[in-house]
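For reference, the structure is listed below as structure tokens.
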Amino acid sequence: MKLQSIQALRGLAALLVLIFHIHELEVLAIADNSLTERAWVGGLFTNGYAGVDLFFVISGFIMVFVTRNTLPGPKQASEFLFARVTRIYPVWWAFAGCMTIYMVAAYGMSGQSAGWHKMSYGQPALPFLIKSFLLVPQPAFPILNVGWTLVHEVYFYAVFTLFLLLPKKWLPLLIGGWAALVTAGALMGLSAPLAMNWLTLAVHPMTLEFILGAVAGLAIAKGLIWRSGTLTLLATLWLLGALCYQGQETAFQLEWGRVLWYGLPAALLIYAVAGLDMHERHTWLFPALIGWLVTLTLFQLTGIDGDSPASARRDATLLTVTVGGIGMLAVIWFGWLLGQGAPDILLRARAFLRPLLNAAVKLGDWSFALYLSHLIVLSALRRIFAMLGQSDSLAPIFRLGHPGVLDNFAYAASGIVLTITASWLSYQMYESPLNVMFGRLRKALFRRDPQKPAPA
């Protein structure tokens with residue numbers, strides 16, 4: 001069973017990270033041009049890195065949900081791990097390989113240049129690359145820095161594979177024990193903002209986001225579904241409030257803060273929309289979407305970002321989230337009126353909304369490629385803008401920081417379009433064929449009794 005709402009949330013998570021990095025690179029480009037204009041993309045997207053937290057919660061949910069009917073044992077655990085490893089590594093190797101080629105072309109193969117030292121935090125190039133491609137913790141970000149999240153993912157998969165060796169009835173206790181160990185280790189000061197070694201990886205508080213998703217998966221797998229529509233709207237407003245109000249990144253924010261600000265509402269949202277999927281009540285997603293659009297638009301217009309005073313962020317958050325909530329209620333009320341007086345129009349409107357959900361699901365399908373490709377695309381685009389922006393005649397469009405919004409809009413729009421296009425091409429030409437190939441190989445390697453369900 002494909003959970004459409006969950007897949008759509010994958011797309012949302014990828015977009016949050018994409019637009020967050022558009023903002024970050026725009027700020028750098030304005031500084032490079034010795035200009036002082038504020039970045040155009042801002043508002044709640046200054047906290048768009050929270051898309052990673054949403055990804056982690058989704059990952060925990062999916063791991064539990066797709067194995068809900070899997071029998072415990074070495075064969076089933078091995079098949080699960082094979083499926084996850086072949087899903088992650090080949091795509092990662094392709095994009096990490098592209099970044100490695102760029103580094104060799106720009107800084108040579110010796111690994112001794114300043115560029116290599118800055119990338120590897122002073123480590124020799126070969127060990128740095130080996131650890132990067134294997135996705136194991138090290139004192140630096142991987143060669144493609146967004147890969148730090150995949151280091152966590154691989155850790156999640158390894159621990160969950162061990163859980164699949166044990167009786168299914170033990171799973172809630174195992175997950176609870178894991179959460180207790182992570183919490184204890186982090187509270188003892190053994191964690192760090194970046195998981196630089198195996199210990200800091202094992203006890204990083206962000207693991208609790210995966211565990212929160214797993215708890216949501218357990219609830220849905222057991223049929224514990226309650227008020228999915230209402231909870232979807234409440235969780236949406238909660239997450240929006242966190243995205244708007246949270247200020248500058250700190251060491252606490254990069255560890256426990258992420259769990260408290262984003263992990264908790266993301267877990268409630270995942271639980272709620274999964275319930276919508278199970279009961280096929282996707283119409284509740286429309287008022288949630290309206291709440292998102294109203295809130296993010298209004299908050300963007302306020303000009304508030306992470307550097308704004310806490311009181312200003314608080315007031316803007318209360319105002320915009322409240323109006324977003326009113327927008328949700330207005331959609332529900334209008335839908336109720338149509339249902340009472342013009343049900344045919346309502347049915348046609350539902351048919352119109354189905355393509356929107358399908359498009360969001362497609363974006364979710366491409367989300368892994370989008371996540372891995374977006375920094376490569378945006379960095380290349382930034383260089384192109386820097387080159388073209390040297391011409392005074394082209395400056396209004398390509399010189400980031402130029403008075404007016406044309407340059408800012410051009411960079412944001414082209415970055416989004418080009419990244420989505422690149423992710424679609426990558427998915428169609430590389431990722432999807434690999435998934436089919438490894439799916440067939442998995443069936444050949446792990447032949448089973450036709451009566452036994454296979455892990456997804």
Side-chain angles (χ1 to χ4, degrees), residues 1-10 13 52-88 149-150 152-183 202 204-226 228 231-232 235 259 262-279 364 367-368 442 446 448 452-456:
M1 175 182 185
K2 186 171 184 177
L3 300 176
Q4 291 184 303
S5 299
I6 299 295
Q7 197 69 357
L9 284 180
R10 284 185 191 268
V52 169
D53 304 273
L54 185 54
F55 270 128
F56 279 4
V57 177
I58 292 173
S59 183
F61 175 88
I62 292 297
M63 293 306 97
V64 170
F65 187 79
V66 301
T67 59
R68 65 193 184 281
N69 296 322
T70 300
L71 299 176
K75 184 176 181 179
Q76 290 78 6
S78 299
E79 182 176 0
F80 167 82
L81 186 59
F82 178 86
R84 303 322 303 169
V85 165
T86 55
R87 175 74 177 83
I88 291 290
T149 62
L150 300 184
H152 286 267
E153 288 280 352
V154 171
Y155 164 58
F156 301 156
Y157 299 156
V159 174
F160 198 77
T161 299
L162 296 177
F163 290 172
L164 293 178
L165 296 171
L166 301 170
K168 182 73 70 174
K169 64 181 180 180
W170 292 7
L171 185 57
L173 290 176
L174 292 169
I175 291 175
W178 189 16
L181 288 173
V182 170
T183 302
H204 199 289
M206 289 184 74
T207 300
L208 296 174
E209 296 179 329
F210 179 89
I211 293 172
L212 285 169
V215 171
L218 284 173
I220 294 297
K222 292 181 179 296
L224 302 176
I225 301 172
W226 184 79
S228 298
L231 289 181
T232 295
V259 180
Y262 309 128
L264 291 174
L268 181 61
L269 183 61
I270 295 301
Y271 166 76
V273 300
L276 296 181
D277 278 322
M278 300 301 286
H279 291 161
S367 60
F368 187 38
R442 189 182 74 186
F446 302 95
R448 65 185 64 83
K452 294 181 180 179

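Just so it is clear, the values below take in all heavy atoms, side chains as well, and ignore hydrogens, waters and symmetry mates.
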Non-hydrogen side-chain atoms of Thr86 and Arg442 separated by less than 4.5 Å: no

Rounded distance (nearest 0.5 Å) linking atom CD1 of Ile211 with atom CG of Leu218: 11.5 Å

From CG (Leu71) to CD (Gln76), nearest 0.5 Å: 5.5 Å

Less than 3.5 Å apart, which donor and acceptor atoms pair up between the side chains of residues 164-176 and the rest of the protein, not counting sequence neighbours?
from	atom 1	to	atom 2	distance (Å)
Lys168	NZ	Thr67	O	2.6
Lys168	NZ	Thr70	O	3.2

Flag side-chain contact, heavy atom, 4.5 Å: Leu212 against Val215: no

Reported CD1-to-CE distance for the pair Ile220 and Met278, which is rounded to 0.5 angstrom: 7.0 Å

Under the side chain to side chain contact (heavy atoms under 4.5 Å, CB included) test, residues paired with Val159 that sit two or more places apart: Tyr155, Phe163, Trp178

Contacts of Ser367 that satisfy side-chain hydrogen bond (donor to acceptor under 3.5 Å, both in side chains) - sequence neighbours left out: none

side-chain hydrogen bond (donor to acceptor under 3.5 Å, both in side chains) against Thr149, all qualifying residues, sequence neighbours excluded: Tyr371

Shortest non-hydrogen separation from Thr232 to Ser228 and the atoms involved: OG1-O, 2.7 Å

Gap between atom CZ of Phe55 and atom CG of Leu9 - 0.5 Å precision: 10.0 Å

Partner residues of Ser59 under the side-chain hydrogen bond (donor to acceptor under 3.5 Å, both in side chains) criterion, sequence neighbours left out: Glu153

From NZ (Lys75) to CZ (Phe82), nearest 0.5 Å: 13.5 Å

Pro72: side chain to side chain contact (heavy atoms under 4.5 Å, CB included) partners, not counting sequence neighbours: none

Which donor-acceptor pairs under 3.5 Å do the side chains of residues 264-273 make with protein atoms, sequence neighbours left out?
from	atom 1	to	atom 2	distance (Å)
Tyr271	OH	Leu224	O	2.7
Tyr271	OH	Trp226	N	3.1

Atom of Phe160, atom of Met63 and distance for their closest heavy-atom approach: CE2-O, 3.4 Å

Closest contact, heavy atoms only, Ala13 versus Leu54: CB-CD2, 3.8 Å

Sequence-distant partners of Tyr157, ring-ring contact (aromatic ring centres under 6.0 Å, His included), two or more places apart: none

Test side chain to side chain contact (heavy atoms under 4.5 Å, CB included) applied to Ile62 - qualifying residues, sequence neighbours left out: Ile6, Arg10, Ile58, Val66

Test item: Arg84 side-chain N/O and Leu81 main-chain N/O as donor-acceptor pair under 3.5 Å: no

Side-chain (Thr183) to main-chain (Ala180) donor-acceptor, under 3.5 angstrom: no

Any residue meeting ring-ring contact (aromatic ring centres under 6.0 Å, His included) with Phe56, in chain and number order, not counting sequence neighbours: His152, Phe156

